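What follows is a set of notes on a single structure, which appears directly below.
Just the heavy atoms: all of them, side chains too, but no hydrogens, waters or symmetry mates, feed the values below. Please read all numbers here as calculations on a predicted model, not as lab measurements.
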Amino acid sequence: MMNYLKRFSFNTLLIIGAAIFTFINSNTGLDILALLLIIFIILQKVFGEYFILILLAARPALDYWRDFSLFSIRSFEFNINSALSVFLLVWSLYFFVKNRAYFKQIPAKIPWLIFIGWISFTAVYSYDLISTIRETAKAANLFGLMGICYILSVKHKGAFSKNFLKSLIAGAILPLLIAAYQLLFRAGMDIDDVSNRIYGTFAHPNILATYSLLLLLILANELIISKKISFKTTPVWSKGLILFLLAIIAFTYTRMAWIGAALLFIILGLIYYRKILIVILSAAALFFILFYPLNHYLIQNYNINLQSSGLISRLTSRNEDSDSIKWRISLADKVLPLFRQRLILGYGYGSFPKVWDDNKDVGNIWDTTSEAHNDYIKVAFESGIIGLILFLSIFINLLYNQISFAIKNKQRRVSMNATRHDFVKSNIVFIASIGIYLILSLSDNMLHHTPVIWWLWAVWGVWSAKYRLGTEEQ
């Protein structure tokens with residue numbers, strides 16, 4: 001009881017101190033930071049360990065204020081999202097100390113901690129120290145989210161999973177509603193020679209696309225768990241939600257997200273919808289065979305170009321303005337000589353933008369993003385071959401655990417004389433999500449899609465607890 005009162009007293013002092021600070025301080029940004037601290041302390045006292053769900057639910061919407069600066073230190077801008085990152089980092093440490101008995105169970109813990117340790121070490125020689133500190137904190141956040149959600153799922157089993165899904169739904173409402181508004185009222189972005197690319201509350205359409213794809217993955221997993229994955233048993237509302245999410249993904253005009261959604265459908269189709277999959281793939285092949293001669297005929301005879309539609313154009317055409325494949329290849333070629341200079345150690349985690357800005361040639365001056373647009377290039381360039389190997393080892397570890405679970409699960413199906421339609425506990429979506437993420441990382445800055453990867457690693461924490469060796473017969 002005394003320990004509880006002491007903790008409460010300390011939190012009370014923090015709240016009082018932060019409140020007094022807002023009255024005597026004249027800096028608006030620091031006042032907002034103090035108010036956020038007060039709010040977080042109160043929420044943590046009210047919700048306890050489930051406070052993590054409040055942070056997760058708020059993260060997608062708060063990305064709308066990503067450019068609101070609280071204060072700056074030299075070239076480093078500390079905004080609301082930075083504050084969330086710091087609060088999460090501190091709270092994660094507190095949580096892990098409190099739940100140290102469960103800490104050793106966290107999957108991929110060793111490769112994660114070694115990777116974080118290595119990228120922290122790169123601060124010693126980093127080309128951009130501030131960025132290294134910031135990006136290392138982001139990486140630690142991902143491990144924190146996965147570990148917290150894994151531990152809470154193990155401790156509270158179904159109760160946490162239900163609240164986790166409620167938090168997911170609450171957090172998704174605003175981004176998706178705003179995206180729908182942007183689509184209907186043509187309030188999206190005009191970029192990459194494509195007009196009205198919807199983006200929701202996020203910084204870029206690509207982030208909304210990967211976020212919607214993640215929601216699609218989670219929905220698919222829930223349908224499998226509830227044994228409603230077959231076309232006949234899938235509820236009407238689920239079918240409507242699937243179509244809505246596919247529409248959101250489509251009108252972000254993000255090709256890699258399209259590919260991710262297609263891969264998910266192909267994987268599930270091979271298991272659950274083989275006839276439908278054959279029909280759709282045949283129809284898609286027929287479309288591309290007939291489209292180009294048909295479109296040519298319509299242009300020549302009726303002056304009608306089907307590719308005047310942005311969606312059809314994005315699907316069927318390739319041009320230098322809207323297609324960034326050549327640009328990405330060119331960027332990789334130009335980065336390679338710089339990479340060779342620090343092949344083993346890299347330039348310091350998070351330093352790619354600074355190094356690239358200081359060394360890019362005249363032909364890339366127009367490129368204001370200063371990003372690698374490929375997580376593997378980014379990680380290797382910044383933390384060397386050592387860092388890339390450690391980064392990949394995290395996913396190898398996750399895949400090994402889940403494939404091992406799938407093999408055990410298959411053996412159980414065989415012993416039960418079950419078919420694929422008996423829907424015995426399956427982690428196929430988990431495995432698919434890891435593969436899809438690794439593919440998306442080939443052409444996008446997934447590590448910088450913070451609102452998405454916060455949720456992704458949290459989801460993987462929950463799924464790792466659900467699909468872990470020793471639970472096949474539960």
Side-chain angles (χ1 to χ4, degrees), residues 3-4 7 44 47-53 55-56 85-121 136-164 167 221 349 379 383 386-409 412 425 427 430-431 433-434 437-438 447 453-474:
N3 288 335
Y4 173 80
R7 288 200 299 271
Q44 200 276 330
F47 294 99
E49 293 180 334
Y50 279 31
F51 168 66
I52 192 66
L53 298 181
L55 281 182
L56 283 167
S85 178
V86 172
F87 287 141
L88 174 59
L89 189 62
V90 173
W91 195 78
S92 297
L93 291 172
Y94 162 76
F95 179 90
F96 287 141
V97 170
K98 182 181 176 183
N99 294 275
R100 53 188 174 276
Y102 291 93
F103 184 78
K104 62 183 180 181
Q105 300 178 26
I106 298 173
K109 176 181 80 278
I110 299 302
W112 249 123
L113 292 178
I114 295 175
F115 176 68
I116 293 171
W118 174 254
I119 60 178
S120 300
F121 172 73
T136 300
K138 284 185 180 181
N141 282 161
L142 301 183
F143 172 70
L145 286 164
M146 182 185 182
I148 290 169
C149 290
Y150 175 86
I151 290 173
L152 289 176
S153 295
V154 171
K155 286 175 64 176
H156 304 295
K157 301 187 185 326
F160 179 75
S161 295
K162 290 178 181 177
N163 285 290
F164 184 83
S167 177
N221 190 68
Y349 194 67
V379 172
S383 55
I386 295 175
L388 179 61
I389 292 172
L390 294 174
F391 178 70
L392 291 174
S393 70
I394 297 170
F395 298 95
I396 292 171
N397 188 287
L398 285 175
L399 281 171
Y400 175 80
N401 289 339
Q402 291 310 307
I403 291 171
S404 297
F405 178 92
I407 292 171
K408 293 281 187 179
N409 201 37
R412 181 182 174 230
K425 193 174 183 181
N427 61 339
F430 191 177
I431 295 173
S433 69
I434 297 172
Y437 176 87
L438 292 172
L447 287 170
I453 56 173
W454 266 36
W455 269 109
L456 178 66
W457 283 96
V459 168
W460 283 351
V462 173
W463 286 353
S464 292
K466 184 184 296 292
Y467 308 120
R468 66 188 192 277
L469 291 174
T471 66
E472 300 86 4
E473 297 183 5
Q474 295 181 7

Residues which pass salt bridge (charged side-chain N to carboxylate O under 4.0 Å, His left out) with K98, listed by chain and number, not counting sequence neighbours: E49

Step through the shown structure and confirm whether more than 12 heavy atoms of other residues, nucleotides or ligands are within 6.0 Å of NZ on K155. yes

Report the C-alpha separation of L152 and F95 in whole Å, then their side-chain angles, then the decisive distance to 0.1 Å, and conclude whether the side-chain contact (heavy atoms from CB on, under 4.5 Å) test is met. CA-CA 10 Å; L152 289 176; F95 179 90; 3.9 Å; yes

Find the distance between CD1 (I403) and CG (N427) and round it off to the nearest 0.5 Å. 9.0 Å

Aromatic ring proximity F143/F96, centre distance under 6.0 Å: yes

Rounded to the nearest 0.5 Å, how far apart are CG of N99 and CD1 of I151? 5.5 Å

Roughly how far, to the nearest 0.5 Å, is CG of L392 from CD1 of I396? 6.0 Å

Are any non-hydrogen side-chain atoms of C149 and W457 less than 4.5 angstrom apart? no

Between I116 and A139, the two heavy atoms sitting closest are CD1-O, 4.3 Å

When you measure from the side chain of Q402 to the backbone of Y467, do you find a donor-acceptor pair of N or O atoms at a distance under 3.5 Å? yes

Criterion side chain to side chain contact (heavy atoms under 4.5 Å, CB included) against L88, the qualifying member of L56, L142, L145, L93: L145

How far apart are the closest heavy atoms of A465 and V154, and which atoms are they? CB-CG2, 3.9 Å

Residues passing the ring pair (Phe, Tyr, Trp, His ring centres under 6.0 Å) test with F87, sequence neighbours excluded, are F40

Look at the side chain of S92 and the backbone N and O of G144, then say whether any donor-acceptor pair between them is shorter than 3.5 Å. no

Sequence neighbours left out, what passes side-chain hydrogen bond (donor to acceptor under 3.5 Å, both in side chains) with W460? Give chain and number order. S433

Measuring only between side-chain heavy atoms, which start at C-beta, is S464 closer than 4.5 Å to L398? yes

Looking only at heavy atoms, what is the nearest atom pair of I453 and L447, with distance? CD1-O, 3.3 Å

Partners meeting ring pair (Phe, Tyr, Trp, His ring centres under 6.0 Å) with W455 (sequence neighbours left out): F164

Yes or no on side-chain contact (heavy atoms from CB on, under 4.5 Å) for Y50 and F160, after CA distance, side-chain angles and deciding distance? CA-CA 8 Å; Y50 279 31; F160 179 75; 3.5 Å; yes

Going by atom type alone, with no hydrogens or angles, which donor-acceptor pairs under 3.5 Å involve a side-chain atom of residues 102-115 and a protein atom two or more places apart or on another chain?
from: K109; atom 1: NZ; to: K104; atom 2: O; distance (Å): 3.1

Parallel, tilted or perpendicular: rings of W91 and Y94 (30°, 60°): tilted

Compute the ring centroids of F405 and F430, then answer whether they are less than 6.0 Å apart. no

Residue pairs fulfilling side chain to side chain donor-acceptor pair (under 3.5 Å) with at least one residue in residues 141-154, sequence neighbours excluded: S85-N141

What pair of heavy atoms forms the shortest contact from L438 to L399, and how long is it? CD1-CD1, 4.4 Å

